[in-house]
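Inspection log for the structure reproduced underneath, given as structure tokens.
Whatever order the structure lists them in is the order used to number ligands and atoms, beginning at 1.
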Amino acid sequence: MNEFDLVIRGGTVATAADVVQCDVGVHGGRIAALAADLPRGAQEIDARGRIVTPGGVDAHCHMDQPMPPPMKMADDFASATRSAACGGTTTVIPFAAQMKGQSIMAAVDDYHRRAEGRAYVDYAFHLIVTDPTETVLREELPELIRSGYTSFKIYMTYDDLKLNDRQILDVLALARREGAMAMVHAENADCIGWLTDQLEAAGKTAPRYHAASRPRVVEREATHRAISLSELVDVPVLIVHVSGSEAMEQIRWAQSRGLRVYGETCPQYLFLTEENLGADGYEGAKCVCSPPPRDKVNQQAIWHGLASGVFQVFSSDHAPFRYDDEQGKKPGGKAVPFRYIPNGIPGIETRLPLLFSEGVGKGRLELSAFVALTATNPAKIYGLYPRKGTIAVGADADLVIWDPERGVTITNSLLHHDVDYTPYEGMRLKGWPEVTLSRGEIVCAGGEPKGTLGRGQFLKCELPKPATPRPGVRGWVRAISPTSSRSPA
Ligand code: DUC
Ligand code: ZN
Ligand code: ZN
């Protein structure tokens, strides 16, 4: 009888804190030992010359999220989590979205029905709060937070999703009372609406004008406002999908004042620019997302923010819409004005390889920072740590074995989502996930998805209840760092 079900032997094991050479012993789906020369396991994987990291935690991705017709997301839980697994991600946190007028409980029940029996890797849910009624604030959200749904996204733009400042204050106050993490989509809705009308009146409706309708100032203003609202309520906040230097400077400024403001960025802000929106014909529609990609100078600023600790989280913001499809980027089957192009691009499978190759491989990021940004920090911030996001005895055996030398040219045919394009077509990377394990089970090997449909489990998130009374804003000890073990809440 073997002590271990599996031993991963001789790899370079990387966590957010250390990079060491050791074996990883797995028993019952969990990590049971980390040491040199472990006894033989029932199964063995030779990881010499390979890097072993925790499975990625993609804390911002959309899949099978109900959309206003004719739009429809191309990925359901099956295709999105299959694609995640093949890109080294073993935990996803998509969004159960409340529609205005709907109970959030009903949205969560519906989203469970969509996920049940369909996931290849484990999943938790964020909530999207679009209608913070008395019932939602007093009954539904407190109950949901206590039941394992401890984070929610609020929008400052999109007519069917946005909250006004007073509603945001109500929701942030609730987050403070109940110990939840608020994520904010920070763009100024009125500025976008006004600019969009001006552009349309001038006949500027091609995809490239999407970027002109959402310039940097629109994101910077909303980011500053979101930070101010969170300071007023004295509650942590996380600004999602930061696109460039101006919004980032607001976050850095808040952090330097000791405010608990966290930042997330995504691959599109490192690898795309607004020029991609101006690609020939209607091709630019493929890269329409919000906030839009900026320019090369802003890409460099985002790299700097990742390396210097302004950002804690690197997510995909996978928002899958098919290009040549009337339910996707060409609603009604036509080249419609940019206002009607669904916002979002696919990226759940390419998130980790892009950052590994261009960040770690090109010396822009330490390996431990890569792990912190893509797995450990999101697991901590959203209440899944230490079960997820690290390699430690007792943690789930969610692991990625990387071949750091493997050269890969990204093509859509290599990927496992149900989208008909990737914005990164033709990019040449060095380093790729060779094997992905979820709770000790291989879910992808050599680019082939493995594991049975429905093996992914729902995860309840747990954040510590805030201590009361809490010190005022200036009473907080500053401890925002990518590898901090302190819980943010
Ligand atoms: N913007 C969002 O706010 N959500 C999905 C994708 C996008 O581009
Ligand atoms: Zn958003
Ligand atoms: Zn999103």
* Cation-pi, Y323 ring and K329 (6.0 angstrom, 45 degrees) ->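 No cation-pi geometry.
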* Ring-face cation contact, F95 with K153, 6.0 Å cut, 45° max -> yes
* To do: Please find the N/O/S atom of D317 nearest to the Zn ion (ligand 3) and write down its name.
  => OD1
* To do: Taking ring pair (Phe, Tyr, Trp, His ring centres under 6.0 Å) as the test, write out the residues that go with H241, two or more places apart.
  => H60, H185
Which atoms of ligand 1 have any heavy atom of [X] under 4.0 Å away?
X    : result
C289 : 8 (O)
A319 : 5 (C), 6 (C)
H241 : 3 (O)
H62  : 4 (N), 5 (C)

* Asked: What protein heavy atom is closest to atom 8 (O) of ligand 1, reported as residue, atom name and distance in Å?
  ->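 Protein heavy atom with the smallest distance to atom 8 (O) of ligand 1: S290 N, 2.8 Å.
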* Structure fact -> When distances are taken from atom 2 (C) of ligand 1, the protein heavy atom at minimum range is Y158 OH, 3.5 Å
* To do: Identify the residue among L384, I93, V92 that makes a side-chain contact (heavy atoms from CB on, under 4.5 Å) with L459.
  => L384
* Asked: In terms of side-chain geometry, is the basic nitrogen of R339 or D197 positioned less than 4.0 Å from the acidic oxygen of its partner?
  -> yes
* With salt bridge (Lys or Arg N to Asp or Glu O under 4.0 Å) as the test, would you mind laying out the steps for R220 and E249 before giving the verdict? => CA-CA 9 Å; R220 187 233 296 158; E249 277 156 15; over 6 Å; no
* Looking only at N/O atoms, are H185 and ligand 1 under 3.5 Å apart anywhere? -> yes
* **Close side-chain approach of V108 to H112, heavy-atom, < 4.5 Å** =>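 Contact flag for V108/H112 side chains = yes.
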* Asked: Would a 4.5 Å heavy-atom cut-off, applied to side chains only, mark M67 and P342 as touching?
  -> no
* Quick check: does H62 have an N/O/S atom under 2.8 Å of the Zn ion (ligand 3)? -> yes
* Structure fact -> Per residue H185, nearest N, O or S atom to the Zn ion (ligand 2) is named ND1
* N/O/S atom of V240 inside 2.8 Å of the Zn ion (ligand 2), strictly under ->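 Within the cut-off used here (under 2.8 Å), V240 places no N, O or S atom near the Zn ion (ligand 2).
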